[in-house]
Structures are given as C-alpha cells and as structure tokens.
Amino acid sequence: MTYREHTKGEMIPEGSSRGDRGAAPTDTLTGRGTALGEWVAESSLLIISLISIVVLGLILLFLLMEGLPTFSFVSVKAFILGHLWYPTDEPPDFGILALIMGSISVTLISSLIAVPSGVMTAIYLSEIAPPKMAEILKPAIELLASLPSVVIGFFGMVAVAPLMQRIFDIPTGLNLFTASIMLAFMSIPTICTISEDALRSVPVTYREASMALGATPFETISKVTVPAALSGITTAIILGMSRAIGETMVVLMVAGGAAIIPGSLFDPIRPMPASIASEMGEAPFRGDHYHALFATGITLFLFTILFNILAMSASRRFRLKG
Amino acid sequence: MTNEIETIIHTQDLSLFYGDFQALHDISLPFAQRQVTALIGPSGCGKSSFLRSLNRMNDLTSGTRSEGAVIFEGTNILEKKIDVVSLRRRIGMVFQKPNPFPKSIYDNVAYGLVVNGIKNRSIVAARVEKSLKQAALWEEVKDRLHKPALGLSGGQQQRLCIARALAVEPEILLMDEPASALDPIATQKIEELILELKERYTIIIVTHNMQQAARVSNTTAFFYMGRLVEVGSTNALFTKPVKKETEDYITGRFG
Ligand SMILES: Nc1ncnc2c1ncn2[C@@H]1O[C@H](COP(=O)(O)OP(=O)(O)OP(=O)(O)O)[C@@H](O)[C@H]1O
Ligand SMILES: [Mg+2]
C-alpha cells in the first residue's frame with residue numbers, strides 16, 4: 001500500500017506544528033498519535049478489498065467445478081472447434097465455434113461502428129463544441145448510457161429490425177448487423193464519456209503550446225491532444241468493447257439466435273451469452289448440457305480476461321510512449 | 001534612444017476585456033526591431049494579458065474581447081480576417097511554465113516544423129540541432145534526443161520550449177517570465193541566450209526580476225493596474241523614473 005509508505009516516509013521536523021498532529025510533540029517523528037486511526041482505516045479497506053477478491057475466487061471456482069466436467073464427454077478441441085451446437089439432440093453435439101464466432105463478429109462489427117463515432121463525439125464535445133452545445137449534448141449521452149439494455153433490445157426488435165428487413169430486403173431483421181448496431185448504441189456512451197474525460201484532462205498548456213507554434217486547431221487535436229489522451233481513450237474503447245462482448249439481453253432479443261458461423265452481415269447469430277441465458281433454464285441440473293453451458297461461460301470469461309489484459313498493456317504502452 | 005530603430009509591431013489604444021472585467025486600458029506601445037523590451041509590473045497588472053494579445057493567444061480563452069489595434073507590418077492583426085495560424089508562426093511564444101509536449105525531445109522541437117509543412121527529414125534534423133544549440137541545450141541532450149521530454153529538469157524543459165519556439169524561426173519572440181521557475185545557473189543561461197538572440201529576433205519579455213530586466217533589455221515598460229505607466233530606455237527608467245509609481249515599484253516599496 002503506497003499510502004502507508006507515504007505516511008511512514010514523511011519527514012516531520014521535530015517541534016514543527018502540523019495542526020492536530022502536533023498534539024504530542026515527541027510523537028510527531030513516528031506519527032504514533034494517529035497510528036491507531038490509520039491502522040483501523042487501512043485494515044478496513046484491506047478487508048473490503050479482500051472480500052471482493054474472495055467472492056471473485058469463489059465464483060471462479062464454481063464456474064470451473066461446474067464447467068470442467070464437460071471435458072469428460074467432449075474433448076477441449078471438439079468443444080472449441082466443433083461447428084455443431086445441438087445440445088438437446090440424441091446424440092447431442094457440443095461444439096461452440098459458432099457461438100464464439102457469433103460473439104467475436106458482433107463485438108468487432110459493433111466496435112467498428114461505436115469506436116469511431118464514440119471517439120469522434122468525445123473530440124467534438126471537448127475540443128470543438130461551443131460550451132452551450134456541450135452542456136446539452138453531454139447529459140443526453142450520459143442518459144443514453146443509463147438506458148436498461150432490455151429497452152435497447154426492445155427498441156431494436158420492434159423498430160430497427162423491421163426497418164433493416166425492409167431496407168435490405170432480407171428474410172429477417174434479427175441478425176448480426178442489427179445486433180451490432182444495438183450493441184454499438186450501448187457502448188458509444190461508455191466510449192464517449194470516458195474518452196471525453198481523458199481529453200479534458202489534457203492540460204490546456206499543451207494546446208496553447210501547439211497553437212503558439214502555428215498549428216491549426218485540427219493539427220492540435222490530432223497531433224497533441226488525442227495522443228496525450230491516448231491511454232484514456234484506449235481504456236474507453238476496451239471498456240466499451242467488453243460491455244459489448246458480455247452483453248446478454250440485447251443479443252438475446254435481436255441477434256436472431258441461430259447457432260451458425262456467420263457468413264454475411266445479415267446472418268442471424270447466437271453469441272455465447274445469449275446461448276447461456278436462453279438455455280440454462282431448460283438444461284437438466286448437472287446434466288451434460290448444463291456442464292457444457294458452464295464451459296461456455298468459462299470460455300466467455302477467458303475472452304473478457306484477454307480483453308482486460310489487452311486494455312492494461314495497451315494503456316501502459318501508450319503512457320510510456322506518451 | 002530608440003527612435004532611429006524601426007518599429008516592428010505596436011499597439012494603439014489596446015484594451016482587453018475578460019467578460020465584463022477590463023484587464024488592459026488603452027495601451028499604446030511600440031516595439032523596436034531586434035531589441036529586447038522588458039515588461040514589468042506587479043502581479044495581476046496585465047503583463048501576460050498584454051503579451052498574449054500580440055499573437056492573439058487570448059482568442060483561446062473564451063469570453064475575451066479586445067478594442068484598439070495591434071499593428072504588425074502595417075495591418076491590424078486584431079481584425080477577423082487575419083490568419084492567426086501564420087501570425088503565430090511569425091510571432092512565437094515561450095510560456096511562464098515550461099510546457100513541453102509528452103513526446104520525445106526531438107519531436108518537441110520538430111513539431112512546429114512539421115505542422116508548418118516542412119517534411120524533409122534532413123532539413124528538420126538540421127533545424128532541430130540548430131535550435132537546440134541556440135537554446136544552449138544541445139550538449140545536454142544530444143545523446144538522448146529520442147527520450148521523453150518530460151524526463152528533463154525544469155530548466156532544461158524551459159530551454160527546450162525556447163528551442164521549440166526558435167525552430168520555426170519567428171520574427172518576434174514573446175517570453176512570459178521564462179526564468180521564473182529556474183535556478184540562478186539556468187536563469188543565467190537563458191539571459192545569455194536572450195542577449196544572443198536579439199541579434200536576429202525582436203524579443204518582448206515579461207519579468208518580475210528587476211536585475212534581469214536591467215541586464216537583458218534595451219527598453220522597459222512599466223505596467224500598473226492594466227495601464228501602461230511609463231516606458232523608456234531601460235537605463236533611464238531604472239535610474240531616473242519619471243512617475244512616482246515606477247519609482248516605488250523598482251525600489252521595492254510595493255508589489
Ligand atoms: N482567463 C481570465 N479570466 C478572467 N480574468 C483574467 C483571466 N486571466 C487574467 N485575468 C485577470 O486579468 C488581470 C491581468 O492578469 P495577467 O495574467 O495578465 O497579469 P500578470 O501581470 O501577468 O500577472 P503575473 O505577474 O502574476 O503573471 C488580473 O486581474 C487577472 O485576474
Ligand atoms: Mg503573468
């Protein structure tokens with residue numbers, strides 16, 4: 001804990017009056033007067049953080065205990081790379097490649113929509129928009145972030161999907177493309193608000209230095225402000241994307257639900273979370289299907305961990321480079 | 001006196017407002033070419049505001065408005081139609097606090113060249129070296145040009161900012177207390193630099209340090225409460241000031 005090191009390493013000259021600390025002058029050097037209070041504060045923080053770690057550990061353990069038995073009736077390779085997901089057939093097929101590809105494709109395509117629009121909106125809000133405009137737009141975008149996902153899913157189902165069906169003349173509007181649009185809706189506010197905070201925290205002095213050298217406002221944004229905020233923007237993007245990959249309700253409602261590897265934008269898909277959520281209720285307790293759904297959960301979990309590691313390493317790299 | 005030397009830029013009844021607050025009152029002040037002019041005065045009297053009017057940096061602060069004129073080469077640069085981007089390339093600025101970009105030392109100095117369309121690598125490299133040498137920083141950084149500029153000491157960062165401003169070869173260099181955060185040795189280096197630079201550049205420097213004003217400037221202007229109180233050759237202003245406020249200030253009786 002850096003806080004402890006800081007307070008211990010702090011040099012307080014003897015006899016100096018540091019407000020309440022100076023009550024017992026002989027104690028100021030060791031800080032014993034406040035040691036008890038600090039100990040209580042530190043240990044309660046420690047306990048709280050330990051609790052969350054323990055809970056996380058328990059969930060992980062549970063996931064593994066319920067998921068790993070899957071591999072007694074299907075090999076890891078057949079599970080991950082199998083094209084067919086027919087868990088209730090006789091004999092059943094437990095291949096989740098179509099579900100994985102569903103998750104990956106919907107996450108990628110929604111990011112293709114959400115990242116540019118989210119980051120660009122953030123740039124507009126913090127660098128270009130007149131203050132009055134930003135005052136109106138910002139709360140609107142934050143409100144969008146607080147929309148329950150079921151509302152977004154519902155909107156996608158009754159409004160966007162029929163529209164897609166008509167525009168592109170396709171059999172169903174419930175497909176990869178519609179799901180990506182709706183997920184993009186969900187991640188744009190996350191990406192936008194966090195990126196905007198990152199941009200706003202770039203010191204004004206950088207912008208002034210750039211303008212004073214004869215850079216245009218656009219050059220200042222692209223060469224100074226955005227690079228200086230890059231670690232925050234990267235974090236924003238990855239948080240937005242992980243919101244998309246783990247999102248269940250929206251994809252359950254608008255993705256179409258077919259466990260096939262998508263070959264086109266307008267194929268229906270069945271991402272991992274949708275599959276788990278819709279099938280868990282019917283899967284016999286501790287049956288093969290039940291275990292296979294938990295194993296799918298482990299796979300999804302590995303994906304989100306991968307995302308977070310990427311996020312951390314990316315933001316660290318950009319910070320080093322500056 | 002300075003009358004036989006050409007004036008490069010001058011203000012005419014320049015007033016500046018931050019919202020309703022008037023920070024500058026009708027300032028008319030000429031600046032001689034290839035001379036150093038020092039602006040002195042107590043804190044909050046409007047020195048920075050004045051300096052920032054000369055390259056339209058105040059545009060970046062919302063709610064500012066100016067009246068009067070700033071004449072540079074016969075045109076009033078406060079007019080709307082003026083291209084502030086090229087104006088700022090010709091009138092460079094060094095800020096009170098060192099503000100290098102979070103980029104490498106090299107990229108900091110090259111920045112102004114790149115945004116002004118100089119792409120040729122060898123020209124850029126030569127200019128970077130030349131500017132760093134002018135700013136008396138080259139020897140200290142020549143082996144770490146591609147290291148982050150934020151790893152430099154405060155004094156080195158300030159000289160880097162000077163090098164960065166010099167790289168685009170402005171005609172006028174505005175310096176807002178460039179040595180206020182520096183130790184005596186770094187301060188001395190910057191003062192030597194100013195004396196050297198005035199061979200080629202017109203320099204307008206804000207300073208709180210009377211000795212510094214006396215050492216580096218040809219002309220000194222004393223500001224008080226948003227007004228120009230007195231301007232004259234540095235020697236005359238410090239030895240026999242005309243106004244009482246000037247005398248009180250330079251003898252340290254207020255401020
Ligand atoms: N952005 C701003 N908004 C409102 N008022 C401002 C702003 N900047 C400066 N002022 C006011 O304008 C006056 C002049 O400020 P300025 O920064 O020009 O003073 P200064 O002479 O440079 O002072 P110092 O020596 O402390 O740097 C001050 O009263 C200040 O409060
Ligand atoms: Mg100032």
Side-chain angles (χ1 to χ4, degrees), chain A residues 119 122-138 195-236 313-322, chain B residues 48 51-52 54-63 83-105 107-118 131 146-151 157 160-161 163-170 173-176:
Chain A
V119 173
I123 291 174
Y124 176 73
L125 282 178
S126 91
E127 307 297 311
I128 301 166
K132 285 235 170 64
M133 188 69 156
E135 255 167 54
I136 302 170
L137 273 179
K138 235 198 131 170
S195 303
E196 204 221 336
D197 286 345
L199 287 166
R200 281 203 194 275
S201 64
V202 173
V204 178
T205 57
Y206 292 173
R207 297 184 182 92
E208 287 194 337
S210 168
M211 303 291 267
L213 288 165
T216 62
F218 177 73
E219 287 165 337
T220 302
I221 290 170
S222 63
K223 291 189 159 64
V224 174
T225 320
V226 169
L230 209 53
S231 80
I233 294 176
T234 315
T235 311
S313 70
S315 78
R316 201 168 296 152
R317 219 184 66 221
F318 288 131
R319 195 163 305 151
L320 281 187
K321 251 174 66 184
Chain B
S48 299
L51 204 64
R52 291 165 61 93
L54 300 180
N55 66 344
R56 300 256 313 252
M57 281 313 272
N58 285 325
D59 289 14
L60 303 183
T61 312
S62 62
D83 172 13
V84 287
V85 171
S86 52
L87 174 76
R88 291 184 188 134
R89 202 194 65 63
R90 299 179 60 192
I91 307 183
M93 183 162 212
V94 176
F95 296 81
Q96 188 162 349
K97 274 199 223 130
N99 57 354
F101 301 124
K103 298 177 186 288
S104 71
I105 294 170
D107 288 342
N108 262 277
V109 185
Y111 181 83
L113 301 171
V114 174
V115 298
N116 284 292
I118 300 172
S131 317
H146 297 283
K147 294 272 157 55
L150 295 176
Q157 288 187 11
L160 179 67
C161 292
R164 185 175 66 180
L166 293 177
V168 296
E169 302 187 335
L173 193 59
L174 310 173
M175 305 176 106
D176 194 348

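Chain letters run A, B, ... following the sequence lines, proteins first, then strands; residues in each count from 1.
Comparing A:P203, A:A215, A:G214 by how many heavy-atom pairs each has under 4.5 Å with chain B, the most go to A:G214. Chosen from B:L60, B:V168, B:I91, B:L174, the residue pairing most often with chain A at heavy-atom distances under 4.5 Å is B:L60. For the set B:V84, B:V85, B:D83, the count of heavy-atom pairs under 4.5 angstrom toward chain A peaks at B:V85.
In this structure, B:V114 and A:K223 have side chains that are in contact, with non-hydrogen atoms separated by less than 4.5 Å. Counting heavy atoms from C-beta on, the side chains of B:F101 and A:P227 never come closer than 4.5 Å.
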Open item on the list: Would B:Y111 and A:L213 count as a side-chain contact (heavy atoms from CB on, under 4.5 Å) here? Give the steps.
Closed with: CA-CA 8 Å; B:Y111 181 83; A:L213 288 165; 3.8 Å; yes

Task: B:K97/A:T205 under side-chain contact (heavy atoms from CB on, under 4.5 Å): CA gap, chis, key distance, verdict - done: CA-CA 9 Å; B:K97 274 199 223 130; A:T205 57; 5.9 Å; no

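Between A:E208 and B:R52 there is a salt bridge, since a side-chain N of the basic residue sits under 4.0 Å from a carboxylate O of the acidic one.
Residues B:P102 and A:Y206 share a closest heavy-atom pair of CD-CE1, 3.4 Å.
There is no contact between B:R90 and chain A, counting heavy-atom distances below 4.5 Å. Within the 4.5 angstrom heavy-atom criterion, only side-chain atoms of B:L150, from C-beta onward, approach chain A. Of the atoms belonging to B:P100, it is backbone heavy atoms, and not side-chain ones, that fall under 4.5 Å from chain A.
The environment of A:K138 atom NZ is dense: over 12 non-hydrogen atoms of other residues, nucleotides or ligands sit within 6.0 angstrom.
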